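In this text the structure is predicted, and so the values were computed from the model without any measurement. Atom set for the values below is all heavy atoms of this structure, side chains included, hydrogens, waters and symmetry mates excluded. Below, read A as the first sequence line, B as the second, and so on, with proteins coming before strands; counting in each chain starts at 1.
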Amino acid sequence: MKVQTRVKSAIEERQSIVMIRRGLLEWSAQNPRNLPWKKTEEPYEIWVSEIILQQTRVDQGTEYYFRFLETFPSIKALAEADLDQVMKAWEGLGYYRRAFHMHETAKYLMSEHEGKFPQTHDEIIRLKGIGPYTAAAISSFAFHLPYPVLDGNVMRVISRLFCVDLPVDSSEGRSHLMQRAEQLLDHDKPGQFNQAIMDFGAMICRPRSPVCKNCPLSTYCSANQNDTVNSFPVKRKSKQKKERYFFYLKINKGNQTYIRRRSKADIWQNLYEFYLVEGRGKQSWKDVLHSTNLKIDVVTYSDIYTQALSHQKITARFAEATLHSAEELLFEQGFIKVNQKKLRTFAYPKIIDCYLGDKALNLNSSS
DNA sequence: AATGCGGGGTA
DNA sequence: TACCCAGCATT
């Protein structure tokens with residue numbers, strides 16, 4: 001038997017667009033999602049929520065959202081804070097450039113924009129850290145401007161509805177999806193519509209095991225009709241992870257420790273760390289200690305810590321040591337000396353945070 | 001157009 | 001383990 005395919009007429013096409021739009025809004029009204037940032041139209045608060053939620057699950061970001069607004073309740077408060085303080089609020093959340101850019105933008109808005117968040121899409125999208133998605137989100141949620149959001153949820157929903165087989169991580173795919181998103185958008189209530197389609201993607205049209213059985217759009221969904229929902233969205237191959245080996249020396253002098261802010265173009269920019277020697281492949285502490293000019297006595301060696309980033313696999317070892325050579329060697333390299341008690345007031349990568357946590361635990365249990 | 005940038009939940 | 005998450009900047 002021959003598989004029947006037929007091209008939809010322009011009229012049918014327009015009709016299904018209308019039905020999908022209505023279906024999304026109705027589903028949203030019947031299945032409201034109680035998210036804290038939905039309760040406000042304050043641009044600053046919406047901005048904070050949207051930056052936090054970039055590539056970050058709602059469950060993971062919610063606590064950060066409350067704490068960030070508590071610590072920095074306004075553009076002014078954020079602008080007047082130290083970078084270290086801002087990074088500390090972001091510690092553990094990842095993609096730390098987000099925090100850096102927010103801080104930069106807050107300072108810019110104070111000095112060049114009278115501390116007010118801009119109210120047009122053109123101005124908003126020019127701000128650091130704000131791209132097409134975030135600009136559309138803020139524009140529609142805070143100012144009711146008709147810009148469609150195109151995030152991971154929306155791309156998944158649309159690619160399934162219309163069987164878009166262009167890779168969603170290609171510019172061609174993105175522009176195709178954006179066209180669809182613009183067609184679908186409800187221009188009278190863009191904010192509501194954008195919320196609806198994202199919620200729908202998160203709850204019904206999920207990445208794995210979508211709930212097609214009671215999906216209100218199943219009759220309009222090409223992928224569902226063809227029983228190919230699992231082959232959308234189409235993505236390119238992901239790259240292999242690079243392995244890196246970090247040897248960290250927690251160098252002490254008395255009750256002080258030397259730490260340094262990471263400043264190179266690399267992971268964990270603007271977070272703090274100990275003296276680092278990066279090994280090439282497998283290496284031992286002996287090789288590493290031999291390669292430094294520092295006079296130190298190692299007191300303890302830690303277990304091995306590993307952390308998987310999206311693009312790198314980090315293996316880290318820590319050694320605690322006392323310093324005998326002149327401190328100047330370290331100060332010249334940008335290190336600062338911090339009292340042990342104040343150590344945790346700085347922001348660290350997760351792998352260092354874990355090490356410090358384990359160390360504190362060991363001290364407690366052995367005493 | 002490709003790549004780098006975190007951390008965690010889930011199947 | 002691999003994939004994905006309310007993406008963006010840089011080259």
Gap between atoms CD and P, on A/Gln240 and C/dT1 respectively (whole Å): 13 Å
task: Whole angstrom is fine here: how far is it from CD1 in A/Ile314 over to P in B/dG8?
output: 14 Å
query: Are A/Val211 and A/Met198 in one and the same hydrophobic cluster, where Ile, Leu, Val, Met, Phe, Trp and Tyr link if side-chain heavy atoms are under 4.5 Å apart?
result: yes
- prompt: To the nearest Å, how far apart are A/Gln269 CD and C/dT10 P?
  reply: 10 Å
statement: When rounded to whole Å, the NZ to P distance for the pair A/Lys313 and B/dG4 reads 18 Å
field: Spacing of A/Leu309 atom CG relative to C/dA2 atom P, expressed in whole Å
entry: 15 Å
task: Report the distance from atom CG of A/Asp266 to atom P of B/dT3, rounded to the nearest whole Å.
output: 18 Å
query: Hey, does A/Gly92 reach any base, or is it just sugar-phosphate, or nothing, if we go heavy atoms under 4.0 Å?
result: sugar-phosphate
task: Sorted by first residue and then second, give each ring pair (Phe, Tyr, Trp, His ring centres under 6.0 Å) pair with at least one member in residues 272-291 of chain A; sequence neighbours left out.
output: A/Phe247-A/Trp285, A/Tyr272-A/Phe346, A/Tyr275-A/Phe335, A/Trp285-A/Tyr301
query: Whole Å only: how far is the CD1 atom of A/Ile52 from the P atom of C/dG7?
result: 13 Å
task: State, yes or no, whether a side-chain contact exists between A/Ile267 and A/Arg262 at a heavy-atom distance under 4.5 Å.
output: yes
query: Which residues within residues 172-180 of chain A lie with some heavy atom under 4.0 Å of an atom in DNA chain B?
result: none
message: Quick check on B/dG4: is either OP1 or OP2 less than 4.0 Å from any side-chain nitrogen or oxygen of A/Lys239?
response: yes
Short N/O separations, protein against nucleotides 4-6 of chain C, under 3.5 angstrom:
residue, atom, partner, partner atom, Å
C/dC5, OP1, A/Arg156, NH1, 2.3
C/dA6, OP2, A/Asn153, OD1, 3.1
C/dA6, OP2, A/Asn153, ND2, 3.4
C/dA6, O5', A/Asn153, ND2, 3.0
C/dA6, O4', A/Asp151, OD2, 2.7
C/dA6, N9, A/Tyr133, OH, 3.2
C/dA6, N7, A/Glu50, OE2, 3.4
C/dA6, N6, A/Trp37, NE1, 2.7

task: Kindly write out the residues that satisfy salt bridge (Lys or Arg N to Asp or Glu O under 4.0 Å) with A/Arg180, not counting sequence neighbours, or none if the list is empty.
output: A/Glu13
message: Going by side-chain hydrogen bond (donor to acceptor under 3.5 Å, both in side chains), name the residues that satisfy it together with A/Gln225, two or more places apart in sequence or in a different chain.
response: none
- prompt: Does the distance from a Lys or Arg side-chain N to an Asp or Glu carboxylate O, for A/Arg244 and A/Asp266, drop under 4.0 Å?
  reply: yes
Under 3.5 Å donor-acceptor pairs involving side-chain atoms of residues 60-73 of chain A, not counting sequence neighbours:
residue, atom, partner, partner atom, Å
A/Thr62, OG1, A/Val58, O, 2.6
A/Tyr64, OH, A/Glu91, O, 2.8
A/Thr71, OG1, A/Arg67, O, 2.7

query: How far does the C1' atom of B/dG6 sit from the matching atom of C/dC5, given to the nearest Å?
result: 12 Å
Tabulate below the donor-acceptor pairs under 3.5 Å that side-chain atoms of residues 322-334 of chain A make, not counting sequence neighbours, or state none.
residue, atom, partner, partner atom, Å
A/His324, NE2, A/Asp297, OD2, 2.8
A/Ser325, OG, A/Lys295, N, 2.9
A/Glu327, OE2, A/Tyr258, OH, 2.6
A/Glu327, OE2, A/Lys337, NZ, 2.7
A/Gln333, NE2, A/Leu329, O, 3.1

task: Please determine if a side-chain N or O atom of A/Arg97 lies less than 4.0 Å away from the OP1 or OP2 oxygen of C/dT10.
output: no
message: Per the side chain to side chain donor-acceptor pair (under 3.5 Å) rule, what does the pair list look like for residues 111-121 of chain A, sequence neighbours excluded?
response: A/His113-A/Glu123, A/Thr120-A/Glu123
task: Have a look at A/Arg236 and say if it touches a base, only the backbone sugar-phosphate, or nothing, with a 4.0 Å heavy-atom cut-off.
output: sugar-phosphate
message: Restricting to side-chain hydrogen bond (donor to acceptor under 3.5 Å, both in side chains), what partner residues turn up for A/Asn339, sequence neighbours left out?
response: none
task: Apply side chain to side chain contact (heavy atoms under 4.5 Å, CB included) to A/Ala137 and list each qualifying residue two or more places apart in sequence or on a separate chain.
output: A/Glu50, A/Tyr133, A/Phe141, A/Val149
statement: Applying the Watson-Crick and G-U criteria (both distances under 3.5 angstrom) with [ ] for crossing and | for other-strand pairs, one obtains for DNA chain C |||||.|||||
statement: Looking only at heavy atoms, the pair that brings A/Ser263 and A/Gln269 closest together is O-NE2, 3.2 Å
- request: Return the 5'-most residue of the pair A/Ser170, A/Ala308 with respect to DNA chain B, ranking by each residue's nearest nucleotide.
  value: A/Ser170
- line: Sequence neighbours excluded, the answer for side chain to side chain contact (heavy atoms under 4.5 Å, CB included) partners of A/Leu145 is A/Ser139, A/Phe143, A/Tyr147
field: Atom-to-atom span, CD1 of A/Ile51 to C1' of C/dC8 - whole angstrom
entry: 9 Å
- request: For nucleotides C/dA6 and B/dT10, find the distance between their P atoms and express it as a whole number of Å.
  value: 12 Å
- request: Check whether any side-chain nitrogen or oxygen of A/Thr134 sits under 4.0 Å from OP1 or OP2 of C/dC8, and answer yes or no.
  value: yes
- request: Check whether any side-chain nitrogen or oxygen of A/His311 sits under 4.0 Å from OP1 or OP2 of B/dC5, and answer yes or no.
  value: yes
- prompt: Given B/dG6, is OP1 or OP2 found less than 4.0 Å from the side-chain N or O atoms of A/Trp90?
  reply: no
